[in-house]
A.B. asks: 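I have a structure I would like to understand better, so I am pasting it below and will then ask my questions one at a time.
Predicted model, so just to flag it, every value in this text is computed and none were measured.
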Amino acid sequence: MEATDLLQREDEVKVVILGPEGDRLYESTSKGFHNLETAINTALENANLNVDPEDCVFEVSNLSTGVSHEYRINAHGHLKLIV
């Protein structure tokens, strides 16, 4: 992860998981994450979905700072920013 992926433990982070068809599969808001990967992995574990994470889009919003981006997981298991 790059330095831009760092979060503060007190930051409120919302993760929305969108399925292969763009449908909203899961949404969570929580605190205590060090980075985006941890926030997304926690949402995936809690969602308990029967879809391949590589087929999903993850909307991650830091509600404390107002920063929001969309990510995908590539074939190597790394997060990639959707630009």
A.B. asks: Report all side-chain donor-acceptor pairs from residues 44-55 shorter than 3.5 Å, counting only partners two or more places apart or in another chain.
C.D. replies:
| from | atom 1 | to | atom 2 | distance (Å) |
| --- | --- | --- | --- | --- |
| Asn46 | ND2 | Thr42 | O | 3.3 |
| Asp52 | OD1 | Glu54 | N | 3.0 |

A.B. asks: Enter the distance from Ile40:CD1 to Glu59:CD here, rounded to the nearest 0.5 Å.
C.D. replies: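 Atom-to-atom, Ile40:CD1 and Glu59:CD are 11.0 Å apart.
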
A.B. asks: Which of parallel (below 30°), tilted (30 to 60°) and perpendicular (above 60°) describes Tyr71 and His69?
C.D. replies: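 Ring orientation of Tyr71 relative to His69: perpendicular.
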
A.B. asks: List, by chain and then residue number, the residues other than Val57 in its hydrophobic cluster (Ile/Leu/Val/Met/Phe/Trp/Tyr, side-chain heavy atoms under 4.5 Å); write none if there are no others.
C.D. replies: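 Hydrophobic cluster check, Val57: joined to Val16, Leu18, Ile82.
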
A.B. asks: Between Thr38 and Asn35, do the side chains contain a donor N or O and an acceptor N or O under 3.5 Å apart?
C.D. replies: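 Looking only at side-chain atoms, Thr38 and Asn35 do form a donor-acceptor pair, the distance falling under 3.5 Å.
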
A.B. asks: Distance from Leu79 atom CG to Leu81 atom CG, nearest 0.5 Å?
C.D. replies: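 The distance works out to 9.5 Å.
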
A.B. asks: Excluding sequence neighbours, so at least two apart, what forms side-chain contact (heavy atoms from CB on, under 4.5 Å) with Ser68?
C.D. replies: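 If we apply the side-chain contact (heavy atoms from CB on, under 4.5 Å) test to Ser68, skipping adjacent residues, the hits are Ser61.
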
A.B. asks: With sequence neighbours excluded, tell me which residues meet salt bridge (charged side-chain N to carboxylate O under 4.0 Å, His left out) with Arg24.
C.D. replies: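 Result, salt bridge (charged side-chain N to carboxylate O under 4.0 Å, His left out) vs Arg24: Glu27.
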
A.B. asks: For Thr29, which residues count as a side-chain contact (heavy atoms from CB on, under 4.5 Å) partner, sequence neighbours excluded?
C.D. replies: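 Result, side-chain contact (heavy atoms from CB on, under 4.5 Å) vs Thr29: Glu12, Lys14, Leu63.
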
A.B. asks: How long is the span from the CG atom in Asn41 to the CD1 atom in Ile73, to the nearest 0.5 Å?
C.D. replies: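 Asn41 CG to Ile73 CD1: 6.5 Å, rounded to 0.5 Å.
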
A.B. asks: Working to the nearest 0.5 angstrom, can you tell me the gap between Asp11 CG and Asn62 CG?
C.D. replies: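 Result: 4.0 Å between the selected atoms.
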
A.B. asks: Output all residues satisfying side chain to side chain donor-acceptor pair (under 3.5 Å) with Ser28, sequence neighbours left out; order by chain, then residue number.
C.D. replies: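 Testing Ser28 for side chain to side chain donor-acceptor pair (under 3.5 Å), a comparison that skips the adjacent residues, returns none.
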
